[in-house]
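First the structure, in the form of structure tokens, and then the observations on it.
What you see is a predicted model; the values in this text were computed from it and never measured. In what follows, every chain begins at residue 1, and chains take the letters A, B, ... in the order their sequences are listed.
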There are 2 protein chains.
Amino acid sequence: MSERAHRPTVKEVAQRAGVSPMTVSRTLSGGVNVKPEVQQRVLAAVAELGYHRNENARSIRPGHSSGLIGVAITNIANPYYSTFALGVEEEAALTGRRILLGNTSEDAAREAELVGDFLGRRVDGLIVVPASTTSTHLAHSQNQGVPVVLASRRIDGLAADSVVLADEDGAFRGTTALIDGGHTRIGYLGNALSIFTGERRHAGFVRAMETRGVRVDPHLVATNQQTVEQARDATRALLRAKNPPTAIFCANNRNAIGALKEISTQLATGLRAPADFPELLSFDDFELAELSPVPISVIDHDPRELGRTAARLLLDRLDGGDREAPAREVELPVSLRGVR
Amino acid sequence: MSERAHRPTVKEVAQRAGVSPMTVSRTLSGGVNVKPEVQQRVLAAVAELGYHRNENARSIRPGHSSGLIGVAITNIANPYYSTFALGVEEEAALTGRRILLGNTSEDAAREAELVGDFLGRRVDGLIVVPASTTSTHLAHSQNQGVPVVLASRRIDGLAADSVVLADEDGAFRGTTALIDGGHTRIGYLGNALSIFTGERRHAGFVRAMETRGVRVDPHLVATNQQTVEQARDATRALLRAKNPPTAIFCANNRNAIGALKEISTQLATGLRAPADFPELLSFDDFELAELSPVPISVIDHDPRELGRTAARLLLDRLDGGDREAPAREVELPVSLRGVR
DNA sequence: CTGTTAGCGCTTTCAT
DNA sequence: ATGAAAGCGCTAACAG
């Protein structure tokens, strides 16, 4: 009941073990130059008090770091990004580092705020899926010796390590496959063109259409869906067009899932058959895609690997010595895969 | 290029603004008793240097805390838990606190390690989905005045705030509905009975069966699936039984998704029709459940709300004054919902 | 209104 | 093999 509601310090451990704080410190950092029997006493006191070194106090000493990595993502609840976070966490844990996680909700102001907070907590580095297109806060971070790794999206004018996907190439190959499958009316559902991936995936889509001489019908292109609900609405509109698409390219999993949900709902009315609906192509694989009532293929890639790679880029810069090396830009390949 | 690769301190800001460190400190904490024009100079210096107060240094002062909340969950990549994490993050952000996130991979040793690390970083409190059934590390945390909130699962003998679901009630009602729907051969797919939720959901299932006088066939009960893959294998076995179930209760989303995947795969062979497969009941809603080829209903609840509630319990204890109040046990209701 | 002093928890440096 | 002093960045408490 009346246990000490208070975190023990070196001093208290020292007192209990009948030694000086320095002896405790030495014991805890390996025990060089501490008599074995004294170490025993110290460790016993540590265990009894449940002592943990105050990492915050340790981190303010010159030349020492917090062992924290700040991770700012746009939406933790999106399985894609949570899997990404897992990859980062795993890799960081290998070096004993922990993750400070923040959600930007795709809001640039919130991102800047978050980054400022992370810097205040003296993170060793930052991994960011940028919601912003300007980057003073990130440049500041780098100027202060806190490296930044951008993931999934790059920012114009910011010389930072980055790992992104082969967005354009994947979209091009996927769209080309649709065209070669006989489709000529192909719709597009994506997030805003102002977003790095949105722009690149759209570009790949357009290039494929132009390369094969297929017309991009502006009525079949919707590019502002951020959520599944918005994607559903956009799908409904596409399906209602006078001359609806026979295939739809969905530029990310939110849009693909929205499309599937809308198709599924319309099928449930029993008025139309699966064959009346467009085939789908999704940039991003996602769980249960194989249950699609219409044929679907995905442009596949592993968010966990994206996270791992981002972490490795950062850790390499932190521990690998060369903090001043020029920015490295990694582009992970994607693969086209028929699911149904 | 040759920017200072170094984080500025109060001293440097003070020097640049031609004042003492105290004036900088005062300005940054509201500016009481600092001449407006001096404040201007200070803020200018802050902006020019990109200064951020060192929160780690601030946190070691007596009576001050880190503003960090340690969150240990079993699997960030599971959308259920990532949505939970989002709920925690949102609520924590309202009080200016950040989240330190760790993945336990359902491993008790890793959890203890993680908690130790969190304590070393002087978290204000812990939110844990326990992988452990013993709790010395968590009890230690509480004894040191660092409150612990358990989420989704409780631990016997640990008097900590907790928020869990109405597992037994939900399972009972769902199973009862299956029986009332005419099923008498009902299978069970769940995680280990040694896990809090596993035990409770199984108990609700059994109670419903017994209440309605339906026999629980041990051949149709599989309780050790942790992953979707394992759930698939278990489903395959159930479907192969001499007298297979006409309905399956899936005790969580991993198991429901595994069952769906297996059924979907078998359907793809074209040898059997949807009607040849069991109806499903899932404890946990999940994205795209409505695409199920067989009828499915879910015992629904909101992981985000679970996260928010856990955070509120913690923050209330931290900021609400009464840190010594007896442990509060919250049980969130669930609702039964037909999906398809 | 502004500055000086002291000390938070820890460990490096310098004795002993 | 051990301890004392000093200082990391910051801000209460105390001058002025």
Which parts of residues 35-47 of chain A get close to DNA chain C, meaning a heavy atom less than 4.0 angstrom away? none
Do A:R7 and A:E12 meet the salt-bridge criterion of a basic N to acidic O distance under 4.0 Å? no
For a quick test of reading the model, state the closest non-hydrogen atom pair linking B:L313 to B:R328 and the distance between them. O-NH2, 3.1 Å
Could you tell me how far apart B:R121 (CZ) and C:dC10 (P) are, to the nearest whole angstrom? 14 Å
Nucleotide by nucleotide, nucleotides 10-16 of chain D touches protein heavy atoms under 4.0 Å in the pattern (B base, S sugar-phosphate only, - none) SBB----
Measure the distance from CG on A:L49 to P on C:dG9 and round it to the nearest whole Å. 14 Å
Report the end-to-end axis angle of the helix from C:dC1-D:dG16 to C:dT16-D:dA1; each axis comes from five terminal pairs, and the value is rounded to 10°. 50°
To the nearest angstrom, the CZ-P distance between A:R7 and C:dG9 comes to 11 Å
Output the rounded distance in Å from CD1 (B:I60) to P (C:dG9). 8 Å
Would you give the length of the straight line joining atom CZ of A:R304 to atom OG1 of A:T309, rounded to the nearest 0.5 angstrom? 12.5 Å
A:T23 vs D:dA1: side-chain N/O to OP1/OP2 distance below 4.0 Å: no
Do B:E111 and B:R153 meet the salt-bridge criterion of a basic N to acidic O distance under 4.0 Å? no
